[in-house]
Amino acid sequence: MPKLSSDTLWELAVAEVRSRESGGGESDGGETVSERSVFLMGSKSGGKTSILLRCLDRDEPSKPTLALEYTFGRRARGHSTPKDIAHLWELGGGISLSELVQIPINPVSIKSLSVILIVDLSKPNALWGTIEKLLQAAQAQLEKVFYQAKEAEKSKRGLCLLHYQDRELLSPFPVPLLIIGSKYDIFQELDSDKRKVVSKTLRFVAHYYASSLIFTSIKSESLMSKTKSFFSHLAFGLERGKTVSFDSTKPLIIPAGSDSFSQIGSPPATDLDITSLHAKNPKDLWKKVYERVFPQENTSEQTELKDPAKDPQYSEPQIDAMRAQKDQSLFIWQLLHFSTG
């Protein structure tokens, strides 16, 4: 059997959806059907499929995702109106199959693509490694595709962040990003101080990437309802609700742009001299502090992923200089805040 390219797989997926739709891409009244793409990735056995099925109101048992699976969702905007389509890709295997990101992240999908990263809160010792490797893999592919497309779509993402706090210190993910912390019911059983470290660290990561953040559990109807609103916002453009929660003793619910570095505070390491960590930038500082509390599982057998921001292939001297200046400003702020806090 010939090897299928990512473009071929994408075209087959789109054709499958359209073949099931009557009347093609437009309704009789001329209304255009909206098509969006959502790519889900995250911790192995972290509940990605279960969460997706619940968000789609599908009452069926979840099965392990073997590699990369495609499905789609449809939603009518009103009575006798065309149904909008969401192309949904789910990456299985945790970080082991990260090279498959090239299939859902392509020149066609980036025009309306969002990414959902689902991390298993019950396994904090694998959390940072999962976030780092999967976001680097996705970002590297996005940078490659945007570079080929002259970054026309990426510039639109920047315009959407004008109202964000700390926008001059952020490193926005190239497309809308939602981080979901799964298995909150198990996470609740952790020591309160350790829960605080996880919560605070994820707040930093989410804000740094201009991402939304929500903790959930498939055993909680209330949390799944809120999770579904975040999902539907990305998949169908619906309102995501007004609920916001920053309390680390409760499930975090933080829409993108709602948080700030001043609210998050410094890395939770009161008994640690952070100057001894020799951190290179703010993210590295939070990583080193987090790993002091939760030593990460050995993932040396996995392919080392390069930071796309350091890839000379996509070098932009002016942008790189601005990025370095932002990192330095935030790093100094973190050090001063830590020393006075």
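Values below: all heavy atoms of this structure, side chains included; hydrogens, waters and symmetry mates excluded.
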* Asked: Does a side-chain heavy-atom distance below 4.5 Å link Val175 with Phe146?
  -> yes
* Below 4.5 Å, heavy atoms only, C-beta onward: do Phe204 and Ser266 meet side chain to side chain? -> no
* Please tell me if the side chains of Ile180 and Phe230 come closer than 4.5 Å, counting only heavy atoms from C-beta onward. => no
* Asked: How many angstroms lie between atom SG of Cys55 and atom CD1 of Ile218, to the nearest 0.5 angstrom?
  -> 11.5 Å
* **ILVMFWY network linking Leu170 to Tyr209, side-chain heavy atoms under 4.5 angstrom** => yes
* To do: Could you grab the distance from atom NZ of Lys287 to atom CH2 of Trp128, nearest 0.5 Å is fine?
  => 7.5 Å
* Any side-chain heavy atom of Arg195 within less than 4.5 Å of one from Val198? -> no
* Just wondering, more than 12 heavy atoms not from Asp59 lying within 6.0 Å of its CG? -> no
* Asked: Have Ser232 and Arg75 got a donor and an acceptor in their side chains that come within less than 3.5 Å?
  -> no
* Structure fact -> dist Gln136:CD -> Ile95:CD1 (nearest 0.5 Å) comes out at 11.0 Å
* Asked: Salt bridge or not for Asp84 and Arg36, using N-O below 4.0 Å?
  -> no
* To do: Using a strict 4.0 Å threshold on nitrogen-to-oxygen distance, state whether Lys123 and Glu297 make a salt bridge.
  => no
* Asked: Is there a donor-acceptor contact under 3.5 Å linking the side chains of Thr216 and Thr227?
  -> yes
* Asked: Would you say the side chain of Leu127 lies within less than 4.5 Å of the side chain of Leu202, judging by non-hydrogen atoms?
  -> yes
* **Residues forming a salt bridge (Lys or Arg N to Asp or Glu O under 4.0 Å) with Glu221, sequence neighbours excluded** => Arg54
* Answer whether the closest heavy-atom distance between the side chains of Tyr164 and Leu169 falls below 4.5 Å. => no
* Structure fact -> With Thr65 as partner, the option from Lys44, Lys48, Glu90 fulfilling side chain to side chain donor-acceptor pair (under 3.5 Å) is Glu90
* Do the side-chain N and O atoms of Asp247 and Ser245 include a donor-acceptor pair separated by under 3.5 angstrom? -> no
* Asked: Can you tell me if CD on Glu60 sees more than 12 non-hydrogen neighbours from other groups inside 6.0 Å?
  -> yes
* Return the minimal non-hydrogen interatomic distance between Asp120 and Ser182, and the atom names on each side. => CA-OG, 3.6 Å
* Any side-chain heavy-atom pair of Ser217 and Phe187 under 4.5 Å -> no
* Asked: Looking only at heavy atoms, which two atoms of Tyr184 and Thr249 are closest? And how far apart?
  -> OH-O, 3.7 Å
* Does atom CZ of Arg292 have more than 12 heavy-atom neighbours, drawn from other residues, nucleotides or ligands, at distances under 6.0 Å? -> no
* Do the side chains of Lys63 and Thr49 get nearer than 4.5 Å, heavy atoms only? -> no
* To do: Using modelled atom types only, decide if a donor and an acceptor are shared between the side chain of Gln139 and the backbone of Leu134 within a distance under 3.5 Å.
  => no
* If you take all heavy atoms of Ala279 and Asp284, which pair is closest and at what distance? -> CA-OD2, 3.3 Å
* Asked: Are the side chain of Gln141 and the backbone N or O of Ile105 linked by a donor-acceptor pair below 3.5 Å?
  -> yes
* To do: Return yes if a side-chain donor-acceptor contact under 3.5 Å exists between Lys196 and Ser192, otherwise no.
  => no
